[in-house]
Amino acid sequence: MPTGRIRTYDAGRGFGFVVAEDGDEYYVNREGVVSGDPRAGDEVTFEVAEDAAPGRRAARSVTVTRSAPAGSPVGRTMAPPPSWDSLEDRERQRRMARRRRR
């Protein structure tokens with residue numbers, strides 16, 4: 001059973017999106033939630049299903065396994081921020097490319 005995190009979920013409208021660990025995104029609706037009240041950042045397990053819309057993948061049997069911390073930013077990326085070394089390296093490469101174009 002795949003695991004992932006809730007990227008967004010609008011309880012009022014009854015739908016949202018789950019991002020799996022491998023980066024794939026799945027649509028989830030109110031009927032697909034088995035237990036728990038999903039919020040952005042919650043860890044979930046789910047089953048993959050084909051949605052009624054052609055080509056869109058959906059998540060069903062969504063179960064919240066771990067709630068997001070209360071202070072977590074909602075709707076932000078799950079990737080950790082880049083380190084200072086990697087940012088400096090990107091800037092260095094950008095400068096070198098600009099010099100080569102001159």
Side-chain angles (χ1 to χ4, degrees):
M1 187 175 273
T3 60
R5 287 186 188 265
I6 299 289
R7 184 173 60 90
T8 59
Y9 188 80
D10 186 351
R13 296 173 69 187
F15 75 95
F17 295 93
V18 174
V19 177
E21 288 180 342
D22 61 0
D24 290 339
E25 191 172 285
Y26 300 93
Y27 172 80
V28 62
N29 60 11
R30 185 175 295 140
E31 290 82 26
V33 178
V34 174
S35 68
D37 185 26
R39 295 180 304 135
D42 289 351
E43 289 184 12
V44 294
T45 58
F46 60 95
E47 293 178 7
V48 177
E50 287 298 320
D51 195 19
R56 186 167 69 173
R57 294 176 299 188
R60 66 175 184 198
S61 301
V62 176
T63 304
V64 176
T65 57
R66 192 169 80 174
S67 295
S72 75
V74 176
R76 300 230 174 137
T77 181
M78 295 185 316
S83 68
W84 285 108
D85 292 336
S86 66
L87 290 173
E88 288 175 354
D89 190 42
R90 278 192 223 162
E91 180 64 20
R92 189 178 312 111
Q93 290 174 358
R94 187 182 64 79
R95 287 182 192 151
M96 287 173 44
R98 188 171 43 187
R99 284 183 192 143
R100 276 187 246 132
R101 286 189 297 242
R102 289 183 187 177

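Considering every non-hydrogen atom in both F15 and Y27, the closest pair reads CB-OH, 3.5 Å. Taking both residues in full, the closest heavy atoms of S86 and S83 are given as OG-O, 2.8 Å, listed atom of the first, atom of the second, then distance. Minimum heavy-atom separation, P2 to V48: CG-CG2, 4.0 Å. Closest of all the heavy-atom pairs between T63 and S35 is CG2-OG, 3.0 Å.
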Apply side-chain contact (heavy atoms from CB on, under 4.5 Å) to the pair E43 and E21, showing each step before the final yes or no.
-> CA-CA 10 Å; E43 289 184 12; E21 288 180 342; over 6 Å; no

Start with the C-alpha distance between R94 and R90, add both sets of side-chain angles, then the distance that settles side-chain contact (heavy atoms from CB on, under 4.5 Å), and finish with yes or no.
-> CA-CA 6 Å; R94 187 182 64 79; R90 278 192 223 162; over 6 Å; no

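Here R30 contributes atom CZ and D10 contributes atom CG; the two are 9.0 Å apart, rounded to the nearest 0.5 Å. Here the CD atom belonging to Q93 is positioned 7.0 Å from the CE atom belonging to M96, to the nearest 0.5 angstrom.
Between Y9 and D42, every side-chain heavy-atom pair lies at or beyond the 4.5 Å cut-off. Inter-residue side-chain proximity for V64 and D37 is flagged as unmet; no heavy-atom pair is nearer than 4.5 Å. In this structure, the side chains of P38 and V33 come closer than 4.5 Å at one or more pairs of heavy atoms. Counting only heavy atoms from C-beta outward, the side chains of T3 and T65 never approach each other to under 4.5 Å.
R5 places a side-chain N or O within donor-acceptor distance of the main-chain N or O of G41, the cut-off being under 3.5 Å. In this structure, R7 contributes its side chain and G16 its backbone to no donor-acceptor pair below 3.5 Å.
The salt bridge (charged side-chain N to carboxylate O under 4.0 Å, His left out) check on R13 picks up nothing, with sequence neighbours excluded. Residues satisfying the ring-ring contact (aromatic ring centres under 6.0 Å, His included) test with Y26, not counting sequence neighbours, are F46.
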